[in-house]
There are 2 protein chains.
Amino acid sequence: MADSQQRLEAIIARLKENDCKLTPQRLAVAAILAESEGHPSVEKIYEQLKDDFPTMSLATVYRNVMLIKSLGEALELAFPDGSNRYDGNKPYPHPHAICIHCKTIIDLDLAGLQDLTKEVADETGFEIVTHRMDFFGVCSACRGRK
Amino acid sequence: MADSQQRLEAIIARLKENDCKLTPQRLAVAAILAESEGHPSVEKIYEQLKDDFPTMSLATVYRNVMLIKSLGEALELAFPDGSNRYDGNKPYPHPHAICIHCKTIIDLDLAGLQDLTKEVADETGFEIVTHRMDFFGVCSACRGRK
DNA sequence: TTTGCTGCAAATAGTTTGCAGAGAC
DNA sequence: GTCTCTGCAAACTATTTGCAGCAAA
């Protein structure tokens, strides 16, 4: 989609801004993050790139994902099972629905979220900076399959 | 508080139910989880127990925390930075507010949560089983300190 | 040319496991 | 007495780092 193309350009712009060199490996990682098809893990990104870059090292993927994350252009989603998945397409916090069977992750857009954040701020006296909201369940496809 | 005493008994009951032996180490871990003062990490639990059980092994803490968690009597809170903290006092999913400076974790009770879960179910077709909701920010104490 | 990036391999951190002896029931 | 649990150490996994050569600007 055109959307991911725009995201890629945004990430590249941010990299240039910070005087980072645009190596082929880095651009490839950025491209996958920009698309974020299925919210890939580092391992997934690595596997996707191995074909195009046979000498590609896992460490390089880690370094570039971390770099892009630290520039605020990718969202890290850490899960209790220790797996980390990334979203460079919507790099701001947003709710997800995760299927506990097929591990599919769906982005959500919830109306009540703004109010909820305010409620938290009022209740706790916290200055809320960010949040993490995941709903775990069984997607309709997996439910049919069972 | 009396609350944590009750929780401890509930955990012990569950352990017996599952034919688990009540070793002193296991009871000590259960007691700390029942209280869950500050939502302790495995490391924290270990440190608290080292005085009473000088030979206590970290592995034993891990094993017992995992056991109690798997019996549904403790909630695991995994964070992006890789740290895990546990709540055996309220072992069901509930929202938290986490101070990004002092790492304090506060339990929340949000009115809008039920509606939100329903909204997600309707929007996605998922059968929601559980959720994870954390708000990160700066607590009033840390804000004053700055 | 300069500086940062990559690939490799080794290091690290957090967690898990195998095993033999100890202890709960 | 039986069978699970514990402590220790080793194994493991995911991630990070040091270094020498390579490549982008």
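Protein chains get the first letters and strands the later ones, always in sequence-line order, with residue 1 at the start of each.
Under the 4.5 Å side-chain criterion, counting only non-hydrogen atoms from C-beta, Arg7(A) is in contact with Glu73(A).
The base of dG7(D) lies close enough to the side chain of Arg63(B) for a donor and an acceptor atom to sit less than 3.5 Å apart.
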Pairs: protein N or O with nucleotides 23-25 of chain D N or O, under 3.5 Å:
unit_1  : atom_1 : unit_2   : atom_2 : d
dA24(D) : N3     : Lys21(A) : NZ     : 3.3
dA25(D) : OP1    : Leu22(A) : N      : 3.4

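For the pair Tyr46(B) OH and dC8(D) C1', the interatomic distance rounds to 11 Å; values are reported in whole Å. Note: CE (Met56(B)) to P (dT6(D)) measures 8 Å, nearest angstrom. Atom CG in Asn64(B) sits about 13 Å away from atom C1' in dG7(D), given to the nearest Å. Taking atom CG on Leu27(A) and atom C1' on dT6(C), their separation rounds to 14 Å, with Å as the unit. Nucleotide dT4(D) holds its C1' atom 13 Å from the CG atom of Leu15(B), rounded to whole Å. Following rounding to the nearest Å, Ile68(A) (CD1) and dC5(C) (P) show an atom-to-atom distance of 12 Å. Lys16(A) has its NZ atom 18 Å from the P atom of dG4(C), to the nearest Å. With rounding to whole Å, Asp52(B) atom CG is found 15 Å from dT6(D) atom P.
In this structure, the side chain of Glu35(B) does not engage the main chain of Asn89(B) through any donor-acceptor pair within 3.5 Å. A donor-acceptor pair is defined here as one N or O able to donate and one able to accept, closer than 3.5 Å; no such pair exists between the side chain of Arg132(A) and the backbone of Arg132(B). Arg85(B) places a side-chain N or O within 3.5 Å of a backbone atom of Gly38(B) that can act as its donor or acceptor partner.
Place Thr55(A) and Leu67(A) on DNA chain C by their nearest nucleotides, and Leu67(A) ends up nearer the 5' end. For the pair Asn84(A) and Pro54(B), both in contact range of DNA chain D, the more 5′-proximal nearest nucleotide belongs to Pro54(B).
Between His94(B) and His39(B), the ring-plane angle classifies as tilted under the 30° and 60° cut-offs.
Contact between the side-chain N/O atoms of Gln25(B) and the OP1/OP2 oxygens of dG23(C) is not found at any separation under 4.0 Å. The side chain of Arg26(B) places no N or O atom within less than 4.0 Å of a non-bridging phosphate oxygen (OP1 or OP2) of dA24(C). Contact annotation: Ser57(B) side-chain N/O to dT6(D) OP1/OP2 distance is not under 4.0 Å.
The nucleotide whose nearest atom lies closest to any side-chain atom of Met66(A) is, among dT6(D), dT16(D), dT17(C), dT16(D).
Think of Ile128(B) as one node in a network of Ile, Leu, Val, Met, Phe, Trp and Tyr side chains linked at under 4.5 Å; its network also takes in Ile106(A), Leu108(A), Leu110(A), Leu113(A), Leu116(A), Val120(A), Phe126(A), Ile128(A), Met133(A), Phe135(A), Ile106(B), Leu108(B), Leu110(B), Leu113(B), Leu116(B), Val120(B), Phe126(B), Met133(B), Phe135(B).
As judged by a 4.0 angstrom heavy-atom cut-off over every strand, Asp19(A) is placed among residues making no nucleic acid contact.
For His131(B), the ring pair (Phe, Tyr, Trp, His ring centres under 6.0 Å) test picks out no residue, with sequence neighbours left out.
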